[in-house]
Number of protein chains: 2
Amino acid sequence: MPADRPRTLRDVAAQLGVSAKTVSNAFSRPDQLSPALREQVLATAARLGYPGPNPLAAGLRRGRVGAIGVAYDNGLSYAFDDPVAVALLAGASTVAEPEGAGLLLVPGSTDARRRLAAVHSAVVDGLVVCSLGDDDPLLAAAVARGLPLAVVDQPRPARLAALGAPGTPWVGVDDRAAAAAVARHLLDLGHRRLAVVSFGMHQEPIRRGLADEAVQAGATYAVTRDRLAGYRDAVEAAGLAWSAVPVFHGEDSTPAVGEAGAAAVLAADPRPTAVLCLSDRIAEGVLAVAARLGLRVPRDLSVAGFDDATPAGGLGLTTVRQPTREKGGAAARALLDRIAGRPAPGPVLLPTELVVRTSTGPAPRG
Amino acid sequence: MPADRPRTLRDVAAQLGVSAKTVSNAFSRPDQLSPALREQVLATAARLGYPGPNPLAAGLRRGRVGAIGVAYDNGLSYAFDDPVAVALLAGASTVAEPEGAGLLLVPGSTDARRRLAAVHSAVVDGLVVCSLGDDDPLLAAAVARGLPLAVVDQPRPARLAALGAPGTPWVGVDDRAAAAAVARHLLDLGHRRLAVVSFGMHQEPIRRGLADEAVQAGATYAVTRDRLAGYRDAVEAAGLAWSAVPVFHGEDSTPAVGEAGAAAVLAADPRPTAVLCLSDRIAEGVLAVAARLGLRVPRDLSVAGFDDATPAGGLGLTTVRQPTREKGGAAARALLDRIAGRPAPGPVLLPTELVVRTSTGPAPRG
DNA sequence: GATCCGTGCTTCATCGATGAAGAAGCCGGG
DNA sequence: CCCGGCTTCTTCATCGATGAAGCACGGATC
């Protein structure tokens with residue numbers, strides 16, 4: 001009998017003169033032994049201070065650990081500041097929790113090596129990857145590990161197939177059509193001088209500035225590419241030249257980028273009368289600058305966002321609602337299905353909706 | 001040679017005619033073999049499609065998995081809706097991420113058995129537990145597993161010692177003093193008829209209603225107990241009777257509870273002139289009801305919150321700022337220290353600060 | 001009385017990797 | 001020429017639990 005707390009089933013088994021497997025069954029398969037013996041085993045285990053079956057060892061043997069991972073393009077600390085990312089996690093947890101599955105937030109890093117190491121060493125049954133660039137090695141690493149995957153937003157299904165992960169469940173929206181809808185809304189209001197403030201085009205290099213058409217088309221973030229293409233569709237359908245629309249892009253989806261973008265595009269003369277933002281958080285920054293410049297919204301300037309995340313409603317922001325929570329939920333669901341060997345759905349395209357609030361109005365005359 | 005992808009180091013080793021340990025070293029301890037051989041091993045592994053060392057098996061052997069868990073009193077899906085919980089996670093991730101540690105969100109459940117099972121089966125190196133009731137079996141389960149712990153808010157250090165976890169790192173604020181400060185602020189403004197809207201007293205049973213002094217003192221949530229005691233300190237110091245202050249309590253920290261509470265306490269005649277809320281989210285609900293009733297804030301009614309979380313600023317809410325992010329960060333830091341065998345700090349008491357905004361003002365005359 | 005079956009428990013091999021310790025080869029120093 | 005020490009790689013045991021298959025026994029069945 002071990003002097004201190006027994007660490008293994010074996011120790012407890014020896015104490016009782018039964019087999020290790022029986023102790024294991026007492027904990028994990030109550031139907032495999034008589035209730036009396038089970039009680040006795042559990043009581044002895046408790047008395048000796050046995051911590052219970054080691055989940056790591058059990059996981060190794062079973063090939064299942066009861067947790068799914070979530071990997072982001074950006075770091076975790078960023079994720080928690082972004083209402084969209086939080087909503088996604090909320091959705092995923094709503095699905096995972098009732099199934100008893102934990103959610104492992106995979107640490108990000110600016111260092112590519114460490115970022116990949118985190119994916120290699122994540123102890124999970126599967127991975128939800130969110131918003132990766134077309135050529136992000138993180139996805140390749142996950143595929144190489146043979147982990148069941150579910151992808152949110154990007155890469156797009158076609159790209160996934162090219163990356164050797166065909167049939168991977170995918171959840172997203174029609175970014176292009178949605179973006180076209182907001183742009184059309186502004187064009188219908190008579191706006192002719194538009195500007196765009198976007199988040200990043202690529203994971204690397206991180207850069208800010210105006211993006212010409214070649215840069216836009218070369219974006220490795222499919223979401224960025226497609227939303228810009230959607231704006232362009234609407235602009236050209238209205239008979240305007242896309243090349244005349246300044247597109248500022250920052251590195252991520254933050255008010256800071258919105259502020260920088262607003263400063264850049266609103267300095268032009270003549271000033272744009274409407275700014276299309278690739279996210280609500282960017283729009284938040286644009287609104288802040290507009291206020292600082294003394295521009296009345298929407299009388300002097302119309303601003304539209306994307307996402308309909310907190311606090312778009314409070315700001316009166318016209319935007320595109322996308323069901324972010326549902327995206328997270330659908331991805332988690334698909335992943336859990338895959339893990340359980342149930343048939344997982346193909347690409348899931350969720351609906352979007354233009355939400356018109358008070359930040360957009362008729363173009364000013366002249 | 002295995003027909004399909006090799007699954008183990010051994011397979012790769014056999015292919016190359018080296019030992020399994022060498023392949024292991026090629027991945028995990030580059031300094032333990034010649035660069036040339038390492039290259040060769042990695043190339044072969046890649047060629048064969050070996051997924052890399054299984055993190056589960058490595059974790060078992062090493063006794064370390066590179067992730068810390070976070071367990072909540074409430075479910076995950078609730079956590080993501082509460083800005084305070086999100087801020088806590090943000091803080092924890094800010095600390096864990098640079099260390100390469102993942103964050104496992106342990107699934108909650110209303111079913112006690114499943115809740116404990118989740119703690120038993122969490123594959124983590126340690127656990128941050130947040131805001132548990134004094135007698136929550138979840139804590140006992142974590143202690144029984146022998147997991148390194150760090151506790152946020154509650155149970156209090158004294159209680160932890162009683163539960164067999166003395167010396168467990170603890171992070172929190174002086175809830176009682178902070179609550180007294182807000183209450184004093186209102187009393188100083190001349191308010192004499194106060195009311196309180198609180199969140200839960202116990203994990204179970206979940207119940208709403210007015211809580212008399214016995215119920216308040218018997219709360220198993222130390223945070224609830226202490227904040228109420230703080231209010232009481234200030235009220236009695238002002239020469240008023242605490243028993244005359246209606247204390248409504250709901251189950252959790254949501255606007256819905258605030259609305260129910262407001263409906264209950266504002267129905268009294270004479271009406272309270274000030275409502276103290278145990279959280280900003282509750283205050284949010286109270287403000288909504290006040291608006292619905294046509295009460296002007298702060299002219300007819302003063303409302304104070306607690307936390308200074310989103311969107312307290314936007315609402316102009318007077319509240320107590322507590323450094324929630326830092327709480328999460330400090331807890332994660334302490335836990336990682338413990339896991340690494342570094343000396344962990346004793347109880348960490350973070351500062352709070354009264355933040356006066358526009359939701360509180362002088363008591364109406366008469 | 002022989003056969004069959006289900007219950008309750010055991011044995012055995014295995015999940016996949018890594019720490020500790022040991023054995024070759026190579027080097028320089030005495 | 002021999003020895004100690006370093007590098008590089010190997011062997012061996014082990015981390016802790018569980019699936020699959022097997023054995024023993026009591027009761028039902030014919």
Side-chain angles (χ1 to χ4, degrees), chain A residues 2 5-42 44-45 48-66 117 120-125 145-147, chain B residues 2 5-42 44-45 48-66 117 120-125 145-147:
Chain A
R5 296 174 61 167
R7 300 225 61 82
T8 76
L9 289 175
R10 212 152 229 106
D11 300 335
V12 177
Q15 187 69 202
L16 269 165
V18 299
S19 77
K21 183 76 231 240
T22 295
V23 179
S24 168
N25 285 336
F27 282 98
S28 319
R29 314 266 316 252
D31 56 317
Q32 296 293 303
L33 76 177
S34 68
L37 181 54
R38 177 170 135 93
E39 273 318 306
Q40 203 185 340
V41 169
L42 295 182
T44 307
L48 297 178
Y50 171 66
N54 180 328
L56 203 47
L60 174 60
R61 184 65 244 234
R62 284 205 260 248
R64 199 64 73 72
V65 294
H120 282 124
S121 67
V123 176
V124 294
D125 298 329
R145 253 194 77 178
L147 276 181
Chain B
R5 295 175 62 167
R7 300 227 61 81
T8 77
L9 289 175
R10 214 153 229 106
D11 299 336
V12 178
Q15 188 69 202
L16 269 165
V18 300
S19 77
K21 183 75 230 237
T22 294
V23 178
S24 169
N25 285 335
F27 282 98
S28 319
R29 313 266 317 252
D31 57 318
Q32 297 293 302
L33 77 176
S34 68
L37 181 54
R38 178 171 133 93
E39 272 319 305
Q40 202 186 341
V41 169
L42 295 182
T44 307
L48 297 177
Y50 171 66
N54 180 328
L56 201 47
L60 174 60
R61 186 64 244 238
R62 286 204 259 249
R64 200 63 72 72
V65 294
H120 282 125
S121 66
V123 176
V124 293
D125 298 327
R145 251 194 77 177
L147 276 181

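Lettering of chains follows the sequences in order, A, B, ..., and the numbering in each one begins at 1.
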Counting the atoms with a prime plus P, OP1 and OP2 as sugar-phosphate, which does [X] contact under 4.0 Å by heavy atoms, base, sugar-phosphate, or nothing?
X      : result
T22(A) : base
L33(B) : sugar-phosphate
S19(A) : base

Gap between atoms [atom1] and [atom2], on [X] and [N] respectively (whole Å):
X      : N       : atom1 : atom2 : answer
R64(B) : dG16(C) : CZ    : P     : 24 Å
L9(A)  : dT10(C) : CG    : P     : 13 Å
N25(A) : dA17(D) : CG    : C1'   : 11 Å
R38(A) : dC9(C)  : CZ    : P     : 12 Å
K21(A) : dT10(C) : NZ    : P     : 11 Å
Q32(A) : dA20(D) : CD    : P     : 11 Å
R29(B) : dC9(D)  : CZ    : P     : 14 Å
R10(A) : dT18(D) : CZ    : C1'   : 11 Å

Notebook entry, point to check: Only one of L42(B), T22(B), V23(B) forms a side chain to side chain contact (heavy atoms under 4.5 Å, CB included) with L37(B), so which one is it?
Noted result: T22(B)

Quick one: closest heavy-atom pair of [X] and [Y], and the distance?
X       : Y       : result
P55(A)  : A122(B) : CG-O, 3.7 Å
D125(B) : G66(B)  : OD2-N, 2.7 Å
V124(A) : L147(A) : O-CD2, 3.9 Å
D11(B)  : P6(B)   : CB-CB, 3.3 Å
S24(B)  : L9(B)   : CB-CD1, 3.5 Å
L60(A)  : A57(B)  : CD1-CB, 3.9 Å

Next item on the list: Consider the side chain of S34(B), meaning its heavy atoms from C-beta on, and name the nucleotide among dA17(D), dT8(D), dG8(C) that approaches it most closely.
Entry: dT8(D)

List, with names and distances, any nitrogen or oxygen atoms from the protein found under 3.5 Å away from nitrogen or oxygen atoms belonging to nucleotides 22-24 of chain D.
none

Next item on the list: For R38(A) and P30(A), indicate whether the former's side chain and the latter's backbone hold a donor-acceptor pair under 3.5 Å.
Entry: no

Notebook entry, point to check: Taking the side chain from R145(A) and the backbone from P51(B), do they hold a donor-acceptor pair closer than 3.5 Å?
Noted result: no

Note to self: At less than 4.0 Å, is any side-chain N or O atom of S28(A) found next to OP1 or OP2 of dT18(D)? Yes or no.
What the structure shows: yes

Margin query: Side-chain N or O of S24(B) versus OP1/OP2 of dT18(C): is the shortest distance under 4.0 Å?
Written below: yes

Next item on the list: Check each residue of residues 49-63 of chain B for a non-hydrogen atom within less than 4.0 Å of any atom in DNA chain D, then write out the ones that pass by number, or none.
Entry: L60(B), R61(B)

Item checked: Difference in axis direction between the ends of the helix from dG1(C)-dC30(D) to dG30(C)-dC1(D), five pairs, 10° -> 40°

Notebook entry, point to check: Given that P35(A) and A20(A) both sit by DNA chain C, which one's nearest nucleotide is further toward the 5' end?
Noted result: P35(A)

Notebook entry, point to check: For the atom pair OG (S121(A)) and CZ (R64(B)), what is the distance rounded to the nearest 0.5 Å?
Noted result: 13.0 Å

Margin query: In the structure I gave you, are the side-chain heavy atoms of S28(B) and R62(B) within less than 4.5 Å of one another anywhere?
Written below: yes

Next item on the list: Step by step, work out the side-chain contact (heavy atoms from CB on, under 4.5 Å) result for N25(A) and K21(A).
Entry: CA-CA 6 Å; N25(A) 285 336; K21(A) 183 76 231 240; 3.5 Å; yes

